[in-house]
Every structure is written in structure tokens, then in C-alpha cells.
Protein chains: 2
Amino acid sequence: MKQAAKVMTLADIARLAGVSESTASRALRDNPVINAQTRQKVQQIAADHQFKVNATARSLRTQKSHTIAVIILFDAKTQQAISDPFLLDILGVIADELTAKGYDMLLSTSKTTDKDWRSYYFDSKRADGLIVIGQGEHDARVDQLAAAGVPFVLWGAATGTEQYPVIGSDNRQGAQLAVAHLIKQGCKRIAFLGDIRHTEIEMRYLGYQDALRAAGIKPEPALQLNTDFTAQAGYLQTQQALFDQLASLDGIFAASDAIAMGAMKALLEHGIKVPQQVAIVGFDDIAMSAYCTPSLTTVKQDTHAGGQLLVAELLSRIDGGKAASQLLPVKLVDRQSSLRNST
Amino acid sequence: MKQAAKVMTLADIARLAGVSESTASRALRDNPVINAQTRQKVQQIAADHQFKVNATARSLRTQKSHTIAVIILFDAKTQQAISDPFLLDILGVIADELTAKGYDMLLSTSKTTDKDWRSYYFDSKRADGLIVIGQGEHDARVDQLAAAGVPFVLWGAATGTEQYPVIGSDNRQGAQLAVAHLIKQGCKRIAFLGDIRHTEIEMRYLGYQDALRAAGIKPEPALQLNTDFTAQAGYLQTQQALFDQLASLDGIFAASDAIAMGAMKALLEHGIKVPQQVAIVGFDDIAMSAYCTPSLTTVKQDTHAGGQLLVAELLSRIDGGKAASQLLPVKLVDRQSSLRNST
DNA sequence: AAGCATAATGCAATCGATTGCAATACGCTT
DNA sequence: AAGCGTATTGCAATCGATTGCATTATGCTT
């Protein structure tokens, strides 16, 4: 029993059913040109033997692998995305959606994968299409995919100039909501912690500026502090800001919840009361945000809808349809870190 | 340029090199039966055209897909693992290690995948082997893989009775270290928050009991509280414990950092000082643990070594070698949540 | 020059599922 | 019974890379 038995092929199933291989193949696929009785018979025999067709043989013949490659794209110099709960959320949804649609999912990260995605995944028939998560700092490989007409979609921020479908949250509006909320809580001098060299963060910075201007506050460039996507970076950057005598800060908008938590830790360590002295808002609504102390006000991204859309748009594209960029709504989730009871 | 050009095949490369397809194939693989000059010539032409052999054709002929399926196994009724940073850490390492070894990684979750892993992944040649992450509550599919002789390894807790290789941290020792630390900090009555129906957590409970007994403290069954792997479950369970008049609690050992953070939130909300009144230790050392307030004492699992070992053992097995269960060392990382300065 | 050993290469079969088209079977109408 | 139309099935080719074995080429020795 320990020894792997010889794996059955379609030929074995056909023999047991007393039909040819081609009939067995068509019957298994429920092709109506085959008589219903024959179909049922073949399918039963296959089920009895837990038979699955050889996927590689099928892929070679049909020129379709029924596999999607998902690539997590980030900078070699940042460790952020790899442990970001937001990322795992969206990966889980993608995996489940692909499974439901009969596709397998290949996963890799751009950290160690310097290969040409087109030839490696698409031309060599490993995958029928690609989902790229993240934009890094404008990776040329994404442009190459688009130029080559490879079916793919990207999770990130659409600027409107891309030649490929981008799906992502309305970063600009999310940031605007967050900063408007901080202003409403009485904040006058709000720092922005995030790396605007990333398109998504750049859009959040625009929303930050929108909210400031709408309140008649002139944005100060010195309050925009490039920060990697880790709690550690948020902590160190906030410590630096306090040392740099940005002591008149009364608000922080962080480009991610991880950054926000690090910043909050630095503030509390300096005896600064959150939110009374400095209020904080993050972005993502990861599961932990409700359970840190104080709980974190944040902008919620709908990872579920995002994952579903990525899959739906890509499969539409693969099936010959069009894939369009889409902007997902965001929502402010207010919690302790920003609520000053200043009604 | 937008239109996908016809994909080159090995036959095209062979024609350009002026050799047969079999020579081209052998040359591309650097087979020494082919003259070095011929090899170099073929390889150069392939590189000039960014040529990759058709993966499905190769798999069919060689009977090897060079793909590993990674399955995240958890209960349908728990949402835990899907957003656990610990999980993403280990997935990232596995992905990178497999890439480095020339393998692709398929990812799926057991939530929506009820298929027979043997026939779906192994018999149908989608994958050469499997890595299963987690044990859930003794999933029969794992036993079936072992019985069928499918090459796989599992991340979890080894009880010593498994017929397959299990790789995981020394959960028992980790818990023992954590609880011994709490006792050293003066804790007398320590709750255990975790679901012992999971083997890993059961081992942690054994370590918890070991430490209590070593200190001459009799373990109280009422202090073991089944808790799902979420911060929310930790929060609710701790609130319940406080309501149940477990007010004489002075320590909490949580089976994961997420649970610990939820528990800490509940304590702080009740005005209970951490660690002065109740000290807390978690398990995992996720990135956030250092940045919550107070920072969380925890048991560090070496996800990097774990991911590497999972891959190494599985590939050894696939190559005809033996794969052995391995226990990884753990380490207590002490931080604010448990340090009472009670020297 | 002939013979032998070794190096290098190519032919053809193989892997297992699918599918176009031809052949066969069946049912109905005249 | 013959003819026609439709349903059902099977043959054989195909997909593209790999590899066993035969063939050819080359170099060395006698």
C-alpha cells in the first residue's frame, strides 16, 4: 500500500468502459456528441477510480495550462510586503477564486525571480495569464508584459496612463477621508509617513494634500517623510521626526497600518498621548488594527472584492474579452487612535 | 507589437543552429555528449531569442513537472491562518527556496479545496510533491497521502507517531520557556489561551504544564481556554475569563501572538496593568509584536530555517532519498509585556 | 590503407490527452 | 428494400520536448 501503484491513464478508463480513448475523453468532458448513457458510464468508472486526466498531456494538446501565475512585486531593498497581513488576505481570496474557477495558482516573488516573465510563464506555457501584486518602483517587466500582449492584471494604483488593467483601492480618496478626519479632530499639523516613489503611496499623498487644501491648510513638504512599509520604519521615522523638533505635530497619516503602529509606539514611548496630543490614522485595516492599544483608526481596503476582481478581469481577458482598470471604494474606520471627543 | 508573435519552439532553435532537435535539446541542457562548441552555439541562439522550452511538453516527456504544491491546511470554521503574518513569512521562504532550486510553487488553501490531493496533484502530474502547512484537526487527506506514498512534508508538530516527515518548532520547549519566564516574573496563576485540539497547540500545552510542575504548581484544567487563532478570539476569551471571575489570574500564555494581542487589549480595557498585574507571553514573534504597546514577549519560531528545511527535505525525498522529521529550536524574546523588574 | 575505439549526431518512438474528419450505426420516410 | 439524415463512435494525427539506439564522423594504431 505504501508503494505507489501505477497511475491510471485515460486508456485504462476507456478499456474498462469498452470504448475508445477519444470517446472516453469526450464522455469525461460531458460532450453531448456522446450518448448520455455512455457518458454516465465512463464518468462513473473514472469516479470509482478517482481518476484525473494527466494535466501535462492535456495542457500540451489544448495549449492551455489552466494555471495563473501570481507575482508579488516589490523592491529588493524593502522587506515590507513579505509579512504584510494585507497581502496574505488578498492572496487567499485570489487562491480561492481561482480554485473555484478551475484554475491553479503559481506563486512567486520578484525578490528572487529576475526571469523574463513573458518567456518563463507565458511562452513556455506554464501559465495562461499573470496577476502582479504591487508596483514597486515602476518595474520594466510589467511594461514588457503589456507590450507583448500577455494577459495580466496588476493590483496597485492606476494613474490612467497604463496600457494594462490596474485594479486597486481609491487611494486618493482614502487618504483624503483620513486626513479630513484628522482635521475634523482638530489636527493642524499633520505628517505623512510613506514612500511616494511607490505609485499607490503617491496617490495617497495627493489625497493628503487635497484634504489639507480643502481645509485651507498649505501642505508643508517637510511633513512628508519617506518611510518603508514596516512597523520598524514607522517607529524609527517617528523618532527621527520628534528629534528633528517636529514637536508641534498633532497628527500623523501613515500610508499603512504597520507604519502607523510603529509610529504610535514611538509616540507612546516619548510620553506623547495618543490621540490627545497626536492623533494617528493608518491605511489597510489589517486584523490587528482593532486590537492594538489604542486601537487604530484606518482606511479599509476591500481585499475580498479586490481579489475577486483581479481574477474576474484576468479570466475575462483570457477568454477573449476586455479587462478594465477598476477603482475600489474605501472606507474610514474610526477607532481610538484619532477620536478626541472634540464634538 | 501588441499582437503576440508566434512562440518559438525548440524546432526553430534547432533550425537556426543547423542541428537536429535532439542535439538542440541536449545542448540546451548542457549534456556533455554534445560537443562544447555546438552546445555554446545553441545556447547563445536560445538566449538571443529569450527562448524557454515548452514546460508542458517537457513535463509530459520527463514525467516531472518541477512544481511543488503548497497547501495551507486549516479548519473551515476558523479564519485564523489566512491573515497570520507568521504564515506569510514561511510561504515567502518556501517560494524563494523553490525558485532557487528550479521549482515552481502552486498555492492553495484547504478551505475551498476538498479535492483528493493525491489524484489532483500527484497522479495527474500537476506537482512532483506537496508541502502541507498546518495540521488542522487531523485531516484524513494527510494520512491518505502517506498511505499512497506521495512525497510530501508537513509543517506542524510531530508526535512521533506519524508515518510522514513533520517539520516544526519545538512547541513544547517554547511553551516551557515562556511559562517558566512568567513564573520567574512572579506569576502564580497562569491561563493558557489556545485550542488544544490542534496538535501544535496541544504540544504547547504540554510545555505549559511542564513548567508549572517544575515550579511545584499544579496545573488547573479550568485555566486552559480553547481560543481560535485570532486577536478577536483572544480578546473575547479574555473578557470572558475576567467575567468568570478569574480575576486572580496574574499571567497569560497565549498560543499565538495574535491571541496575545487580543488578550492584552481586553486587559488594558479593564484597567488591568500589563505586566504589573497580569503578565503576557505570546508565540510566533510576528513583526508587529515588537511594536504594540506594551511590546509583546513571545517565543520566536525560525520561519526562515523552517521554510528551507521543508523544501530541502521534500526535494531529498523526491530525489529518492529519505525525508526526516525535524524539530527546530525556539527562543524566548522578552519584552515589556512580561518584564516586571522583579530581580 | 585498414581496423578499432570513441565522439558526436540524428532518427524515430514516446509521453497521454484531445479533436478533425471519416466511418458506422440507427431511425425515419418513401 | 432503398435512400437519406442524423447520431454516435473510432482512427489517426497532433501537441513539443526528450532519449534509446543506430549511424556517422573522427582520430589513433598497426
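Below, all heavy atoms of this structure are taken into account, side chains as well, without hydrogens, waters or symmetry copies. What you are looking at is a predicted structure, and each value in this text was computed from that prediction instead of being measured. Protein chains get the first letters and strands the later ones, always in sequence-line order, with residue 1 at the start of each.
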K.L.:
Within this structure, what is the CG-CD1 distance for the pair A:Leu328 and A:Ile167, rounded to the nearest 0.5 Å?
P.N.:
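If I round to the nearest 0.5 Å, the distance is 7.5 Å.
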K.L.:
Students often get this wrong, so: under 4.0 angstrom with heavy atoms, is B:Thr38 touching a base, only sugar-phosphate, or nothing?
P.N.:
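Here B:Thr38 touches the backbone only, sparing every base.
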K.L.:
For B:Ile45, what residues pass the side chain to side chain contact (heavy atoms under 4.5 Å, CB included) criterion, not counting sequence neighbours?
P.N.:
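Checked B:Ile45 against side chain to side chain contact (heavy atoms under 4.5 Å, CB included); matches are B:Ile13, B:Leu16, B:Ala17, B:Lys41, B:His49.
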K.L.:
For residues B:Arg317 and B:Gly149, report the shortest heavy-atom separation together with the two atoms involved.
P.N.:
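Result for this residue pair: NH2-O, 3.2 Å.
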K.L.:
Give a yes-or-no answer on whether the side chains of B:Asn54 and B:Thr9 include a donor-acceptor pair shorter than 3.5 Å.
P.N.:
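Judged by distance alone, the side chains do not pair up.
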K.L.:
Please state how far atom CD in A:Gln37 lies from atom C1' in D:dA7, giving the value in whole angstrom units.
P.N.:
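Value for this atom pair: 14 Å.
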K.L.:
Assess the side chains of A:Ser316 and A:Asp319: does a donor N or O sit below 3.5 Å from an acceptor N or O?
P.N.:
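No, no side-chain donor-acceptor pair sits under 3.5 Å.
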K.L.:
What integer distance in Å separates B:Asn31:CG from D:dG20:C1'?
P.N.:
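Distance check: B:Asn31 CG to D:dG20 C1' gives 13 Å.
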K.L.:
Please encode protein proximity along nucleotides 12-21 of chain C as a string of B, S and -, counting only heavy-atom distances under 4.0 Å.
P.N.:
--BBBBBBB-
K.L.:
Does a donor on one side chain and an acceptor on the other come within less than 3.5 Å for A:Asp104 and B:Tyr120?
P.N.:
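There is such a pair (donor and acceptor under 3.5 Å, judged by atom type) between the side chains of A:Asp104 and B:Tyr120.
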K.L.:
Below 3.5 Å between N/O atoms, which protein atoms pair up with nucleotides 23-27 of chain C? Just atom names and distances, please.
P.N.:
none

K.L.:
Between A:Arg39 and A:Asp30, does any side-chain N to carboxylate O distance fall below 4.0 Å?
P.N.:
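Yes, this pair counts.
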K.L.:
Does either side chain, that of A:Ser108 or that of A:Tyr121, offer a donor lying less than 3.5 Å from an acceptor on the other one?
P.N.:
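Checked: A:Ser108/A:Tyr121 side chains pair up, N/O donor to acceptor below 3.5 Å.
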